[in-house]
Undergrad: 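Questions regarding the structure given below will be posed in turn.
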Amino acid sequence: MKKTVRRILLVLILAAMVGAAADQRNTICEKTCVAAVTAYLQEQKTAPDGAETIPPDTDPETGRVIRVYVDDPHAIDRLISYFMNVTEVRRVKRIPELAYPRVYIGDRLLGNNETLYYSEENQILAFSLNETDSLAFLLDLTENGSLYPEVREAFTGGVIRQLQNEIDFSDQDILSFTNGCLESIDIKTQETAEALFRCIRACVQIHDLTDVYLEPMALPVKINGKGAGTFDMFFATYQETGQLVCFSFAPEDAQAFRNYVAALK
C-alpha cells in the first residue's frame, strides 16, 4: 500500500514539474514573440521622410472604416503599448477572414482591433489584445467612434461614471458673466451634471484626440474650475485607456443644454 502511495505521489510530482516547465517555455516564447513584433514596429517608425501616407478606406453608406494603414509614429507607439498587454500569443496556420476595421502595418503585420497577425519565416503568430486595449484601439482606428456600439457604450458610460466621481458637487453651480452675458459655468449640481450627461450619452461623434495638437480655445463649461467643453462638445481624458476623447453633441441637445444653463441666471 505504501509503495502504491509513493508511486502516485511520484507521478503527481513529475506531472507538476513537466507542467511548470511547459508554462515557463510558453512564457519565454510569448516574451520572445512580443519582442520580435515590437522590434518590427520600431522599424516602421523610421520610414523615409516624405513617404506617402495612405488614407483610411471608409464605407460610403455607413461611414464606418474598412481599412486603416498605420504609419504614424505616435500611433505605432500606442500599438506597441497594446502588445505589452496581450492576453494570448499562438501560432496559426493561416490568417482568417477579418472583421472590419482591418489594420495594416508594413508588410508583416495585419489584423483588427481584437487580434493582430505577424508573419515571418513561414510562421504566423496571432496576438490577442485585452478588452480595454481592444476598445481603445477601435476608437483610435475609427474616424467616429459613435458608429460602433461597443465604443459608444464603453466611452460614454465610462466618462460619465468618471465625472460623477470627479465633480466636487455642491448645492449651486458657479456662473460667470461679462457685461451681463454668460461667460462660463462651473458645474456643481447633480441636475446640471445630468444635463451634460444627456448630451454625452446621445453624442453624434466620438473622436480620439490623444496625439492631436489643439489650438487654444475658450471652454465655457468647466469641471472643478477647469475648462472642459463648450455647449456643443466635451473633452475628457478617459482614465481607463488614457485617451483624450471628444464628444460632439447633436445640435438639438446642444441647444437644449445652452437653454438650460441660460435659465439658471
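Everything numeric here is computed off the predicted structure, so don't read it as measured data. FYI, the numbering just counts along the sequence from 1.
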Undergrad: Quick one: CZ on Phe257 to CD1 on Ile200, what's the gap to the nearest 0.5 Å?
TA: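 Reported to 0.5 Å precision, the distance equals 8.5 Å.
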Undergrad: How are the rings of Tyr69 and Tyr104 set relative to one another: parallel (under 30°), tilted (30 to 60°) or perpendicular (over 60°)?
TA: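 Answer is parallel, since the angle falls under 30°.
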Undergrad: Could you tell me the separation between the CG atom of Asn112 and the CG atom of Leu138, rounded to the nearest 0.5 Å?
TA: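 Between atom CG of Asn112 and atom CG of Leu138 there are 9.0 Å.
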Undergrad: Using modelled atom types and a 3.5 Å cut-off, is there a donor and acceptor pairing between side-chain atoms of Glu120 and backbone atoms of Arg108?
TA: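 Here the side-chain-to-backbone pair does not exist.
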Undergrad: Apply the ring pair (Phe, Tyr, Trp, His ring centres under 6.0 Å) test between Phe137 and each candidate in Phe83, Tyr148, Phe127, Tyr82; give the one that qualifies.
TA: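 Result: among Phe83, Tyr148, Phe127, Tyr82, Tyr82 is the only option passing the ring pair (Phe, Tyr, Trp, His ring centres under 6.0 Å) with Phe137.
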Undergrad: Restricting to non-hydrogen atoms, name the atom on Phe231 and the atom on Leu182 that form the minimum distance, rounded to 0.1 Å.
TA: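 So the two residues come closest at CZ-CD2, 4.3 Å.
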Undergrad: Leu109 vs Leu41, test: side chain to side chain contact (heavy atoms under 4.5 Å, CB included). Steps then yes/no.
TA: CA-CA 9 Å; Leu109 190 62; Leu41 287 170; 3.7 Å; yes
Undergrad: Kindly indicate whether the side chain of Thr241, heavy atoms from C-beta on, has any atom under 4.5 Å from the side chain of Leu135.
TA: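 Result no, sub-4.5 Å side-chain heavy-atom pair not found.
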Undergrad: Between Thr115 (side chain only) and Ser128 (backbone N and O only), is there a donor and an acceptor less than 3.5 Å apart?
TA: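 No; judged by distance alone, with no hydrogens or angles, the pair does not exist.
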Undergrad: Following the transitive rule for hydrophobic clusters with a side-chain heavy-atom cut-off under 4.5 Å over Ile, Leu, Val, Met, Phe, Trp and Tyr, establish whether Tyr40 and Ile95 coincide in one cluster.
TA: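 Different hydrophobic clusters.
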Undergrad: I'd like to know whether CD of Glu153 has more than 12 heavy-atom contacts from other residues, nucleotides or ligands below 6.0 angstrom.
TA: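 Open.
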Undergrad: Taking the six-membered ring for Trp, is the centroid-to-centroid distance between Phe234 and Phe247 below 6.0 Å?
TA: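 Ring centroids of Phe234 and Phe247 are no less than 6.0 Å from each other.
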Undergrad: Verify the cluster assignment for Phe249 and Phe235: are they in a single hydrophobic cluster under the rule of side-chain heavy atoms below 4.5 Å apart?
TA: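 No; tracing contacts between hydrophobic side chains, which count when under 4.5 Å, never links both residues.
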Undergrad: Which atoms form the tightest heavy-atom contact between Ser146 and Val204, and what is the distance?
TA: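 Heavy atoms only, the tightest pair is OG-O, 2.8 Å.
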Undergrad: Hey, does the side chain of Asn144 reach the backbone of Ile206 with a donor-acceptor pair shorter than 3.5 angstrom?
TA: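 Checked: pair present.
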Undergrad: Kindly check if the number of other-residue, nucleotide or ligand heavy atoms within 6.0 Å of CD (Glu252) is above 12?
TA: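 Yes, enclosed.
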Undergrad: Are side-chain heavy atoms of Leu98 and Leu110 found at a separation under 4.5 Å?
TA: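 Answer yes - side chains close enough.
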Undergrad: Closest approach of Leu139 and Gly145, non-hydrogen atoms and distance?
TA: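 That would be CD1-CA, 3.9 Å.
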Undergrad: For the backbone of Met233 and the side chain of Thr230, can you confirm whether one donor and one acceptor N or O come within less than 3.5 Å of each other?
TA: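 Confirmed, Thr230 side chain pairs with Met233 backbone.
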Undergrad: Can you measure from NE2 (His74) to CG (Asp140) and round to the nearest 0.5 angstrom?
TA: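 Reported value, rounded in 0.5 Å steps: 12.0 Å.
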Undergrad: Rounded to the nearest 0.5 Å, how far does CG of Leu175 lie from CD of Glu183?
TA: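 Going from CD on Glu183 over to CG on Leu175, the span is 11.5 Å.
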Undergrad: When you group the ILVMFWY residues by side-chain heavy-atom contacts below 4.5 Å and let the links chain together, are Val245 and Val212 in the same group?
TA: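 Cluster IDs for Val212 and Val245 differ.
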Undergrad: Any side-chain donor-acceptor pair under 3.5 Å between Asn130 and Thr87?
TA: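 Absent: no donor and acceptor within the cut-off.
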Undergrad: Say you draw a straight line from CD1 of Ile167 to CG of Leu196; how long is it, rounded to the nearest 0.5 Å?
TA: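 Interatomic distance, Ile167 CD1 to Leu196 CG, rounded to 0.5 Å: 7.0 Å.
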Undergrad: Are Tyr100 and Val151 co-members of a hydrophobic cluster defined by side-chain heavy atoms under 4.5 Å apart?
TA: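 They do not share one cluster, since no chain of ILVMFWY contacts under 4.5 Å joins Val151 to Tyr100.
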Undergrad: Just by distance, do the side chain of Arg152 and the backbone of Cys203 share a donor-acceptor pair under 3.5 Å?
TA: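 Checking the backbone N and O of Cys203 against the side chain of Arg152, a donor-acceptor pair under 3.5 Å is found.
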Undergrad: Taking the six-membered ring for Trp and the single ring otherwise, decide whether the centroids of Phe155 and Tyr238 are under 6.0 Å apart.
TA: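 Under 6.0 Å, so yes.
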Undergrad: Would you mind listing every salt bridge (Lys or Arg N to Asp or Glu O under 4.0 Å) that reaches into residues 196-209, with sequence neighbours excluded?
TA: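 For residues 196-209, and leaving out neighbouring residues, the salt bridge (Lys or Arg N to Asp or Glu O under 4.0 Å) pairs sorted by first residue read Arg78-Asp208, Glu194-Arg201.
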Undergrad: Is the side chain of Asp59 donor-acceptor paired with the backbone N or O of Arg64 at a distance under 3.5 Å, no angle test?
TA: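 Absent.
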Undergrad: Do the non-hydrogen side-chain atoms of Tyr118 and Cys33 ever get within less than 4.5 Å of each other?
TA: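 In short, these two side chains do not touch, never coming nearer than 4.5 Å.
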Undergrad: Report yes if the side chains of Glu30 and Val86 come closer than 4.5 Å at any heavy-atom pair, otherwise no.
TA: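 Of all side-chain heavy-atom pairs linking Val86 with Glu30, none is under 4.5 Å.
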Undergrad: Short question: side chain of Asp173, backbone of Ile187 - any donor-acceptor pair under 3.5 Å?
TA: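 Such a contact is absent between Asp173 side chain and Ile187 backbone.
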Undergrad: Say whether Val34 and Tyr117 are linked into one hydrophobic cluster, either directly or through other cluster members, by side-chain heavy-atom distances under 4.5 angstrom.
TA: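 No, because Val34 and Tyr117 fall into different hydrophobic clusters, even though each may have its own neighbours under 4.5 Å.
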Undergrad: What is the distance from atom CG of Leu79 to atom CG of Leu116, rounded to the nearest 0.5 Å?
TA: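 Output value for this atom pair is 6.0 Å.
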Undergrad: Quick one: does Gln162's side chain have a donor or acceptor within less than 3.5 Å of a partner on Gln239's backbone?
TA: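 Yes, because the side chain of Gln162 sits within donor-acceptor range (under 3.5 Å) of the backbone of Gln239.
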Undergrad: Quick one: do Asp57 and Arg102 make a salt bridge, cutoff under 4.0 Å?
TA: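 Salt bridge between Asp57 and Arg102, a charged N being under 4.0 Å from a carboxylate O: no.
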Undergrad: If every non-hydrogen atom of Leu129 is compared with every non-hydrogen atom of Asn113, which pair is closest and at what distance?
TA: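 Closest pair (atom of Leu129, atom of Asn113, distance): CD1-O, 3.3 Å.
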Undergrad: Could you report the tightest heavy-atom contact between Ala254 and Asp232, atom names first, then the distance?
TA: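 Smallest heavy-atom distance, with atoms named: CB-OD1, 3.4 Å.
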Undergrad: Ignoring hydrogens and geometry, is there a side-chain-to-backbone donor-acceptor pair from Thr210 to Leu244 under 3.5 Å?
TA: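 Pair found, side chain donor or acceptor close to backbone of Leu244.
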Undergrad: Give the minimum heavy-atom separation between Ala193 and Phe169, together with the two atoms involved.
TA: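 Closest heavy-atom pair between Ala193 and Phe169: CB-CE2, 3.9 Å.
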Undergrad: Output side-chain donor-acceptor pairs under 3.5 Å for residues 215-225, partner residues at least two apart or in another chain, one line each.
TA:
unit_1, atom_1, unit_2, atom_2, d
Asn224, OD1, Asp168, N, 2.8
Asn224, ND2, Glu166, O, 2.8

